[in-house]
Amino acid sequence: IETIKRLYAWLGEELTPIAEQRMAAWWAENSKERHGARHVDPDEFGIDLGALEERFRFYNERFVHRDA
């Protein structure tokens, strides 16, 4: 919501209290399906995770930055 408030301010628009409440309600209601909320088993789809990781190793080495 804070990001939305900054966007509205940047656009010179007013974020009304009712709009803010509705956005917050939507966010809370839809958070169950947000990224990371569920786990999919690659085996269920016949995917060999090791082979897939190896296939895209070049990409991960170049673009994925891990804090480890």
Item to complete: Give the minimum heavy-atom separation between Tyr8 and Glu14, together with the two atoms involved.
Response: CD2-O, 3.5 Å
Worksheet item: Ile1 and Ala24: which non-hydrogen atoms are nearest, and at how many Å?
Response: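 Closest approach of Ile1 to Ala24: CD1-N, 3.8 Å.
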Same apolar cluster: [X] and [Y], side chain cutoff 4.5 Å:
X	Y	value
Phe45	Leu52	yes
Leu15	Ile18	no
Ile47	Val40	yes
Ile4	Trp26	no

Worksheet entry | Pairing of Glu2 and Arg6 as salt bridge, 4.0 angstrom limit |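 A salt bridge is absent here (no side-chain N lies under 4.0 Å from a carboxylate O).
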Practice prompt. Would you check if Glu13 and Leu7 make a side-chain contact, meaning some heavy-atom pair closer than 4.5 Å?
Written response: no
Discussion item. Counting C-beta onward and ignoring hydrogens, is there a side-chain heavy-atom pair between Thr16 and Glu20 closer than 4.5 Å?
Written reply: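 No; the side chains remain at least 4.5 Å from each other.
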Fill in: Distance in Å, Phe63 CZ paired with Phe56 CZ, rounded so as to fall on 0.5 Å steps
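Result: 12.5 Å between the selected atoms.
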Item to complete: State whether the side chain of Asp48 and the backbone N or O of Ala51 hold a donor-acceptor pair below 3.5 Å, judged by distance alone.
Response: yes
